[in-house]
Number of protein chains: 2
Amino acid sequence: MKTIQHIAREISASGLKVTPQRVAVMQALHKLNHPRAEEIFNEVSGSIPGLSPTTVYNVLDILAGKGMIKKVKTDSGVMRYDAVSDHHHHMYCIDTDRVEDFFDPELDMILQNYFQKKKIEGFKLEDIKLQLMGKFDESEKSKSI
Amino acid sequence: MKTIQHIAREISASGLKVTPQRVAVMQALHKLNHPRAEEIFNEVSGSIPGLSPTTVYNVLDILAGKGMIKKVKTDSGVMRYDAVSDHHHHMYCIDTDRVEDFFDPELDMILQNYFQKKKIEGFKLEDIKLQLMGKFDESEKSKSI
DNA sequence: TTCCTAAAATGGAATAATTACAAATTAGAA
DNA sequence: TTCTAATTTGTAATTATTCCATTTTAGGAA
């Protein structure tokens with residue numbers, strides 16, 4: 001888990017002012033699993049009384065704009081957020097709204113090689129995201145949020 | 001372009017009643033490029049006076065549920081729809097909301113082989129969707145919607 | 001340390017997409 | 001032709017999110 005100091009340094013390094021709201025949102029993002037804005041608001045409200053939902057949306061937008069966090073789209077249409085900024089993909093549960101990160105450098109390499117050879121006409125590819133759709137094992141249920 | 005008769009047969013084959021609204025929505029989906037519900041409503045309103053937006057949402061949900069069409073999620077958060085039900089992926093423009101289909105059976109085969117060998121612990125993979133993020137060539141601009 | 005100002009947070013209202021639901025209509029089987 | 005479950009309609013409600021004017025604050029300069 002990242003320390004408050006580490007988070008503060010990250011925010012500062014992105015040219016942003018370090019505010020309690022931003023630090024707390026980052027902490028909540030690390031603690032929760034792909035939370036929606038509302039969940040972050042609930043989590044952060046505890047430590048920051050008087051927090052406005054608008055602020056949460058603002059902070060999330062700004063952090064995402066700086067590449068510090070990622071927006072994750074789900075089929076339900078609600079935006080979810082991800083503190084992990086390293087390149088990765090997502091596993092989506094077909095039945096629930098559970099989302100998990102999926103890291104696979106080997107696969108990334110395969111895809112990179114593939115698209116290096118096979119250019120797409122009229123399109124400059126910059127990033128590939130995989131959406132792995134499926135079902136998590138029942139025994140894994142307890143891990144879901 | 002599919003005929004009305006063909007569309008009617010498709011709908012019927014899915015165990016649904018053939019209504020003018022459903023046929024018209026399917027036609028609009030074939031005509032438009034990844035439209036949002038509102039665009040479909042505008043298109044279909046012409047041929048079906050008194051059409052309700054609710055009906056468009058209903059029809060889209062039901063057709064998607066039967067696998068006749070697909071829902072396409074965009075980063076803006078608005079749902080878009082796709083008449084093409086064959087397995088394919090999507091190219092997203094980073095700057096605009098343009099979306100295009102991407103077919104690549106060779107790549108699908110590579111991915112299928114890869115995940116046959118390399119199982120994901122605790123997750124039963126059922127489908128892989130690629131989101132290709134990038135930019136369409138300027139000269140291609142006219143094709144955008 | 002205090003001051004200053006642009007940046008950030010707040011709150012309440014507005015918006016946009018979508019859903020809920022009860023009533024009216026209709027496709028298509030009998 | 002009749003009947004009924006399926007479908008459509010319309011209005012209201014909801015939900016996530018954004019807008020914007022005002023207030024507050026972080027952090028650099030004096």
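All chains are named by letter (A, B, ...) in the order of the sequence lines, taking the proteins before the strands, and each is independently numbered beginning at 1.
Under the 4.5 Å side-chain heavy-atom criterion for grouping Ile, Leu, Val, Met, Phe, Trp and Tyr, A/Ile128 is connected to A/Met91 within one hydrophobic cluster. No chain of hydrophobic side-chain contacts below 4.5 Å, direct or via other Ile, Leu, Val, Met, Phe, Trp or Tyr residues, connects A/Met133 to B/Leu130.
Taking five base pairs at each end of the helix from C/dT1-D/dA30 to C/dA30-D/dT1, the local helix axes there meet at an angle of 30°, rounded to 10°.
Here the NZ atom belonging to A/Lys124 is positioned 14.5 Å from the CG atom belonging to B/Leu132, to the nearest 0.5 angstrom.
Heavy atoms of other residues, nucleotides or ligands lying less than 6.0 angstrom from NZ of B/Lys119 number 12 at most. Counted within 6.0 Å of NZ on B/Lys135, heavy atoms from surrounding residues, nucleotides or ligands total 12 or fewer; the atom is thus considered open.
Geometrically, A/Arg98 does not engage A/Tyr92 in a cation-pi contact defined by less than 6.0 Å to the ring centre and at most 45° from the axis.
A donor-acceptor contact closer than 3.5 angstrom links the side chains of A/His87 and A/Asp127. A/His90 and A/Asp101 share a donor-acceptor pair across their side chains, judged by distance under 3.5 Å alone. One side chain, A/His89 or A/Asp108, offers a donor N or O that lies under 3.5 Å from an acceptor on the other.
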Using a cutoff of under 3.5 Å, can you pull out all pairs of nitrogen or oxygen atoms linking the protein to nucleotides 11-15 of chain D, with atom names and distances?
unit_1 : atom_1 : unit_2  : atom_2 : d
D/dT11 : O4     : B/Thr54 : OG1    : 3.2

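Rounded to whole angstrom, the span from the NZ atom of A/Lys71 across to the C1' atom of D/dA16 amounts to 12 Å. Computed from coordinates, the A/Phe41 CZ to D/dT17 P distance equals 14 Å when rounded to whole Å. Between the CE atom of B/Met79 and the P atom of D/dA16 there is a distance of 14 Å, given to the nearest Å.
Contact between B/Ile40 and B/Pro35 at its shortest, heavy atoms only, is CG1-CG, 3.6 Å. Between B/Phe115 and B/Ile120 the shortest heavy-atom distance is CE2-CD1, 3.9 Å. Considering every non-hydrogen atom in both B/Ala83 and B/Ile69, the closest pair reads CA-CG2, 4.3 Å.
Of the residues in residues 15-23 of chain B, those with a non-hydrogen atom less than 4.0 angstrom from any atom of DNA chain D are B/Leu16, B/Lys17, B/Thr19, B/Gln21, B/Arg22. Against DNA chain D, the stretch residues 56-67 of chain A makes heavy-atom approaches under 4.0 Å through A/Tyr57.
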TODO: Go through the steps to decide whether B/His88 and B/Asp82 satisfy the test side chain to side chain donor-acceptor pair (under 3.5 Å), and finish with yes or no.
DONE: CA-CA 11 Å; B/His88 66 280; B/Asp82 192 340; 2.8 Å; yes
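In this structure A/Asn42 satisfies the side-chain contact (heavy atoms from CB on, under 4.5 Å) test together with A/Glu38, sequence neighbours excluded.
A salt bridge links B/Asp97 with B/Arg36: the distance from a Lys NZ or Arg NE/NH1/NH2 to an Asp or Glu carboxylate oxygen falls below 4.0 Å.
Taking the 5' to 3' direction, DNA chain C first and last meets chain B under 4.0 angstrom from a heavy atom at C/dA17 to C/dG28.
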